[in-house]
Amino acid sequence: MDLSEIKKALTLDELEEIRVKLLGKKGIITQKFKELKNLAPEERKRVAKELNELKERATTLILQKKKELEEKLLEEKLKLEKIDVTLFNPKPTGAIHPITDTMNKIIDFFTRLNFSVETGPLVEDDFHNFEALNLPKYHPARDMQDTFYFNDGNLLRTHTSPVQIRTMLSQKPPIRMISPGAVFRRDYDLTHTPMFHQVEGLVVDKKEKVSFANLKFILESFLVHMFGDVKVRFRPSFFPFTEPSAEVDISCIFCKGEGCRVCSYTGWLEVLGCGVVDPNVFKAVGYNDVSGYAFGLGVERFAMLLNKINDLRIMYEGDIRLMEQLK
Ligand code: PHE
């Protein structure tokens, strides 16, 4: 029998057709096996042996050819997808990442006002992240922050506020600091990622030197620095580590306060949390006769608003087209 057509197959489909023709249920060789029963015993033995050899040869040839064709296909594919890394691109791609860019703008504002920049570890302990911030164990406000815990009881910090505690424990008042950095919460949707960035601010000084009015003035100036001509409003709120506390809104930069989808038709966008430092926080770090205020903001929120990005997640996908647009 002629097996040469196996060698001539040009594609995997063609080869499969040949395989079915020879060895399939109704294939030529299969058919011959079925006809064995019509032969005389002696004859049957001889023909059966021949058939078995033929089947084996055909099978081997088909497998060889299959490998050969698959390799050829892969080679073609690789050739097609090859990237010439030596190719000169006269127009370099890339830009400062929107988060970095926004963070830099924020840091710039506060360092000019003589705030120092402090940092702390991403893996925190319960004391710095919660306890010293007036969030004792079993305090219901711990639920506000979906925490990633390690088996040893440590955790990924859920906010930059523990850096307040670390700074107060290692320095003496007066303190004027900000703390930019990554924080972690179990959250993932259009406007939340498990890792995001905050900038914390803390001012501590003699009682007569610190007031809610100072806080208000600094934050209003800051928000105008970031967003231009916006209205700013303080709304009473709650944080365990500040009392009184407020959330700060700016007039919607998209609709100028008229009401649109981004601001849920309220005309306002929430951008900050702040307040006067709770006495329990000073107690935890051993500070006496001082007063202070603190604030915290989410950098991603600012970056989304400033760059008009509606899905936070695209900021972490590294798509060059986004960077190109933000150049
Ligand atoms: N730590 C708060 C948060 O993550 C923000 C905040 C900081 C509020 C400082 C008030 C004062 O939500």
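We count ligands from 1, going down the list as the structure has it; atoms in each ligand are counted the same way. Along the sequence shown, residues are numbered consecutively beginning with 1. Remember, it's a predicted structure, so these values are computed and weren't measured experimentally.
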Glu220/Lys216 salt bridge by N-O under 4.0 Å criterion: yes
Arg46 with Glu50: basic N within carboxylate O range, under 4.0 Å: yes
Any N/O pair Thr158/ligand 1 closer than 3.5 Å: no
Atom indices of ligand 1, in the order listed, that fall short of 4.0 Å to a heavy atom of Ser161: 1 (N), 7 (C)
Polar atom proximity, Thr242 to ligand 1 (N or O, under 3.5 Å): no
Six-ring centre of Phe110, Arg176 cation under 6.0 angstrom, axis tolerance 45°: no
Proximal candidate to atom 12 (O) of ligand 1 [heavy atom criterion; set Glu200, His159, Arg185, Glu247]: Arg185
Presence of salt bridge, Lys67 and Glu70, under 4.0 angstrom: no
Ser179 and Glu118 side chains, donor-acceptor separation under 3.5 Å: no
Contacting atoms of ligand 1, where contact means under 4.0 angstrom from a heavy atom of Gln198: 3 (C), 4 (O)
The single option from Thr102, Ile106, Leu272, Ile107 passing side-chain contact (heavy atoms from CB on, under 4.5 Å) against Val199: Ile106
Structural part of Phe295 in contact with ligand 1, heavy atom criterion under 4.0 angstrom: backbone
Residue part near ligand 1, for Cys274, under 4.0 Å between non-hydrogen atoms: backbone
Element-labelled atoms of ligand 1 that are located less than 4.0 Å from some non-hydrogen atom of Gly273: 8 (C), 10 (C)
